[in-house]
**Student:** 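So that we are looking at the same thing, I have put the structure below in C-alpha cells.
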Amino acid sequence: MELLLVTGQAGAGKTQAANVLEDFGYYRVDNLPLELVDSFVEMALADPVKYGKSALVLDSASEALGDRFFGLLETLRARQVSCRVLFLEASDEVVISRYKETRRAHPMQSDTMGIEQGIAAEKLRLAAVRERADWVINTDNTKLAELRQRMAAVLDRANEGLTVYITTFGFKYGLLADIDLLFDARFLPNPYYIEALRPLTGHDAPIRDYLASVKQYGTFMAMLCPMVDFLVDNYALDGRSSLNIGVGCTGGRHRSVAVAVALAEYLQEKGHQVRLAHRDIERPV
C-alpha cells in the first residue's frame, strides 16, 4: 500500500494539494483525525484495488500532531505500508491574506489569540512534523498549475500530466455530452459509399489508406496534430488534468475513427497520455 500523509499550516493550500493528488489517482480523505488513520489503513489493506494508493489530509489543528504522529509513522512502516509525508507551508503574510480573502478565522485563533499569534503557535506545534517530512513545499505566490508541477516532481510523477481522452461518434446519433474540443471529419470523402470499404472501420488499413490518398486528409492532419499537441502542452501548464476531444463523422465508423487513431498515435509519440474510445463504431452499417 502507498500512503501519503498531507499536513502543514492552515491556509497553506492542503485542499488544493489534495485536489492534485486526486487527479494523480490517489484515493483522498480530507481532515482525517490522527486517531482514525490506523482504522483507515486496516480498511485499505483489505481492499488494495480501491485504496492501494491513498492520500490522507490530516487535521493540522489537532494536538495529536506530535509524539503520536511519529509513533503512527513507525507503526505503519513496520506493517510494510509505504508511508510518506508531504508538508505545505506559507509565509505569515500570505496566510493572513488568504484568510482575509475568505473571511474565515484561522483555526488557532481564539478570544485571547489573534491570527498572528495563532500562526506562530501552529508553527511551533508543527515544527517537529515539518522536520521529519519527506517533502516540504512553500506555496507563496504559487498558482495551481505551478503547484501541480512541483508536486509531480517531488512525487516522481513528472510524466503523469494531462490525460487526453479522444472519443469518436456519429453526428446522426447525436453530439457527445462533455467535450472540450470538437473536430468534424465529414468534409472528407465517405468510405461508406465504396461497397468494399463499407463493412470496415477506421481501424482497418484499407480505410486509412483510402483516406491517406485524399489530399484534404493529409492537409487536415498536418494542421490538426501539431495544433492539438500545442494545446495539450499549454492546458497542462494551466493546471488541467484532462482534455476531452470529440471527433465526429456521419456514422462514427470510418472517417472519425481513422482521424482519431492517427491523432492518438501522434500524441502518444509526443509523450502524451491518451485514452481512445469509439461511441458508435459497433452500430449496424
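Only this structure's heavy atoms are used, side chains among them; waters, hydrogens and symmetry mates stay out.
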**Student:** Looking just at side-chain N and O atoms, do Glu22 and Tyr27 make a donor-acceptor pair shorter than 3.5 Å?
**Tutor:** no
**Student:** If we only count heavy atoms from C-beta on, is the Ile119 to Met108 side-chain gap below 4.5 Å?
**Tutor:** no
**Student:** Would you tell me whether Ser242 and Arg275 have side-chain atoms, one donor and one acceptor, within less than 3.5 Å of each other?
**Tutor:** no
**Student:** Can Arg198 be said to sit on top of Tyr192's aromatic six-ring, NZ or CZ under 6.0 Å from centre and within 45° of the ring axis?
**Tutor:** yes
**Student:** Decide whether Arg255 and Thr250 meet the rule of one side-chain donor and one side-chain acceptor closer than 3.5 Å.
**Tutor:** yes
**Student:** When you check the gap from the basic side-chain N to the acidic O, do Glu74 and Arg132 get nearer than 4.0 Å?
**Tutor:** yes
**Student:** Quick check on Phe187: does its CZ atom have over 12 non-hydrogen neighbours (other residues, nucleotides or ligands) under 6.0 Å away?
**Tutor:** yes
**Student:** Just so I know, are the side chains of Arg253 and Asp280 near enough to count as touching, which here means a heavy-atom distance under 4.5 Å?
**Tutor:** no
**Student:** Using a strict 4.0 Å threshold on nitrogen-to-oxygen distance, state whether Lys123 and Asp92 make a salt bridge.
**Tutor:** yes
**Student:** Within a strict 4.5 Å, meaning less than it, do heavy atoms of the Ile281 and Thr168 side chains meet?
**Tutor:** no
**Student:** With sequence neighbours left out, what residues match Gln16 under side chain to side chain donor-acceptor pair (under 3.5 Å)?
**Tutor:** none
**Student:** Near Arg104 CZ, under 6.0 Å, is it more than 12 heavy atoms from other residues, nucleotides or ligands?
**Tutor:** no
**Student:** For Glu116, enumerate each residue passing the salt bridge (Lys or Arg N to Asp or Glu O under 4.0 Å) test, keeping only those at least two apart in sequence or located in another chain.
**Tutor:** none
**Student:** Would you call Arg148 and Asp23 a salt bridge, using N to O less than 4.0 angstrom?
**Tutor:** yes
**Student:** Would you list the pairs meeting side-chain hydrogen bond (donor to acceptor under 3.5 Å, both in side chains) in which at least one residue belongs to residues 172-188, sequence neighbours left out?
**Tutor:** Asp180-Arg240, Asp184-Arg186
